[in-house]
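Comments concern the structure below.
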Amino acid sequence: MCEFCLKHGEGQKWYLQARNYSEDLLSDIRRRKMIEDFAANSQAVAGAIEKMDKLSKAPKFIQALVRRLIPRRMKKRHYGQVVPIEDVEKIFGFVNSIARVACYCRHFTIGKEKRYCYGISMGPNGGKFGEIMRGVDTSFLFGPDSAGVEMISKEQAIANFREHEKEGLCHTVWTFQTPFIGGICNCDRADCLAMRCTVTHNIPVMFRAEFVARIDNDKCIGCRQCMRLCQFGAISYSASNKKAVIDKSKCYGCGICRSVCNKNAISLEPRESDPVAARLW
Ligand code: SF4
Ligand code: SF4
């Protein structure tokens, strides 16, 4: 269990607790302000990307300090966790509205509108979260022919997420003043600030999933399709055995490698069941 499960889930998966999505949490003025600032202050995302890219050139002690301070701060404000599709379906099962929106990160990293982010709420029509977002000018994110925010059904959202998996995108839940969860994103390492920060720069702003992947050697035919999709470089190929091999120390447990395995050779098991993965978050 990650530390949020202990702190915000009473030992169960924290992101499957309905209270962490509750409208009540949005009555907190500081949280509402944080969400407004987050949505309106677009330059903060661009600035963070720039700073992070510069960090690798900073003296080692600065890097070490940043690696310690940023995760600590982000755990209180805006922290994420990788979530496999089965758990995304469970979340969509109990929230009452789902809005598809353009991704902030991709707006800056590739300069395109990509609708990979989903706002979720317990209230109808976006609830209080939607109310806050509708009050913020986010028009810079959308093109002239764009639908802006689209409200979609649970069935449509799940179908979209399955398509995102085929594109190699990994699902992540996000807090807005922890423990309130307001969004689920579909990330990749090249374009997403959080994944760049966590995986490329080793400054964690999200936890790995509560799971880790395993390959059934009796089923694997060594086609290597799964290697192509893994965002975390966790899969290699054993030429002598002609099988794919998962490095548990690198696996984030997203499960997207399963979507391309025609032999059904990959499964997810609880992270705590693996001695290597259990220590890594
Ligand atoms: S996609 Fe499946 S069969 Fe192909 S290498 Fe990966 S685990 Fe093996
Ligand atoms: S090996 Fe692990 S990190 Fe890589 S795609 Fe599969 S589950 Fe995700």
Side-chain angles (χ1 to χ4, degrees), residues 1-2 4-5 13 15-16 71 79-91 103 105 116-118 158 160-174 184-281:
M1 292 270 140
C2 72
F4 278 13
C5 291
K13 288 179 193 145
Y15 56 78
L16 293 183
Y79 211 76
Q81 182 165 25
V82 174
V83 177
I85 189 93
E86 299 87 334
D87 283 354
V88 171
E89 287 186 16
K90 286 180 192 161
I91 296 168
C103 169
C105 292
Y116 287 145
C117 299
Y118 294 73
I158 290 166
N160 290 355
F161 271 63
R162 293 211 175 273
E163 286 306 309
H164 297 327
E165 289 216 336
K166 289 185 193 146
E167 294 175 78
L169 303 176
C170 150
H171 322 305
T172 52
V173 290
W174 289 95
I184 310 186
C185 298
N186 289 279
C187 304
D188 66 62
R189 196 160 156 187
D191 303 334
C192 295
L193 180 58
M195 274 183 68
R196 274 199 205 183
C197 198
T198 302
V199 187
T200 309
H201 297 284
N202 193 22
I203 307 170
V205 294
M206 61 185 198
F207 295 118
R208 298 180 189 215
E210 301 291 328
F211 303 91
V212 68
R214 71 176 288 274
I215 291 180
D216 182 339
N217 275 345
D218 294 337
K219 292 183 180 171
C220 176
I221 56 165
C223 69
R224 294 181 249 189
Q225 287 301 311
C226 51
M227 284 172 69
R228 193 176 51 80
L229 223 58
C230 181
Q231 295 280 342
F232 304 93
I235 310 179
S236 56
Y237 176 70
S238 162
S240 40
N241 287 333
K242 301 201 170 10
K243 307 278 179 197
V245 178
I246 291 180
D247 179 345
K248 308 271 175 148
S249 70
K250 291 186 179 166
C251 176
Y252 271 61
C254 64
I256 60 164
C257 46
R258 297 174 301 174
S259 66
V260 284
C261 181
N262 292 331
K263 297 295 168 190
N264 206 15
I266 311 176
S267 56
L268 292 181
E269 56 188 21
R271 179 163 289 275
E272 62 209 14
S273 69
D274 183 89
V276 174
R279 289 179 283 111
L280 300 169
W281 291 102

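Counting starts at 1 for both ligands and their atoms, following the listed order. Fair warning: this is a prediction, and the values are worked out from it, not measured in the lab.
- The single protein non-hydrogen atom nearest to atom 8 (Fe) of ligand 1 is Cys220 SG, 2.4 Å, given as residue, atom name and distance.
- Looking only at side-chain heavy atoms (C-beta outward), Ile184 and Val83 stay at 4.5 Å or farther from each other.
- A salt bridge is defined here as a Lys NZ or Arg NE, NH1 or NH2 lying under 4.0 Å from an Asp or Glu carboxylate O, and Glu269 with Arg214 meets this definition.
- The protein heavy-atom contact nearest to atom 3 (S) of ligand 1 is Ile221 N, 3.5 Å.
- Side chain to side chain, Tyr116 and Asp191 fail the donor-acceptor criterion of an N or O pair below 3.5 Å.
- Counting backbone and side-chain atoms alike, Cys261 contributes no N/O/S atom closer than 2.8 Å to atom 8 (Fe) of ligand 1.
- Looking only at side-chain heavy atoms (C-beta outward), Gln231 and Val199 stay at 4.5 Å or farther from each other.
- Proximity to Tyr252 (heavy-atom distance under 4.0 Å) selects the following atoms of ligand 2: 2 (Fe), 3 (S).
- Nearest heavy atom pair, residue Val82 against residue Tyr252, reads CG1-O, 3.8 Å.
- Within the listing of ligand 2, atoms 1 (S) sit less than 4.0 angstrom from a heavy atom of Ile235.
- Salt-bridge annotation for Lys166 and Glu163: present, with a side-chain N of the basic residue lying under 4.0 Å from a carboxylate O of the acidic one.
- Under a 4.0 Å criterion applied to the non-hydrogen atoms of Arg224, ligand 1 contributes the atoms 4 (Fe), 5 (S).
- Against a heavy-atom cut-off of under 4.0 Å, Gly222 is close to the following atoms of ligand 1: 5 (S), 8 (Fe).
- Between the choices Ala244, Ser259, Ala265, Cys223, the shortest heavy-atom distance to atom 4 (Fe) of ligand 1 belongs to Cys223.
- Those atoms of ligand 2 that come under 4.0 Å of a heavy atom in Ala213, given as number and element, are 7 (S).
- The shortest side-chain heavy-atom distance between Cys220 and Lys263 does not fall under the 4.5 Å cut-off.
- Protein heavy atom nearest atom 2 (Fe) of ligand 2, with residue, atom name and distance: Cys251 SG, 2.4 Å.
- Neither the backbone nor the side chain of Lys219 comes within contact range of ligand 1; no heavy atom lies under 4.0 Å.
- Of the protein's heavy atoms, Cys257 SG, 2.3 Å lies nearest to atom 6 (Fe) of ligand 2.
- Protein heavy atom at the shortest distance from atom 5 (S) of ligand 2 is Cys254 SG, 3.5 Å.
- Between Cys5 and Met1 the shortest heavy-atom distance is CB-SD, 3.4 Å.
- Trp281 places a side-chain heavy atom less than 4.5 Å from the side chain of Arg271.
- Taking every heavy atom of Ile266 and a limit of under 4.0 angstrom, the matching atoms of ligand 1 come to 7 (S).
- Among the atoms of Cys226, none of the N, O or S atoms falls under 2.8 Å from atom 4 (Fe) of ligand 1.
- By the 4.5 Å heavy-atom criterion applied to side chains, His171 and Phe161 are counted as neighbours.
- The heavy atom nearest to atom 7 (S) of ligand 2, considering only Cys230, Cys170, Gly255, is found in Gly255.
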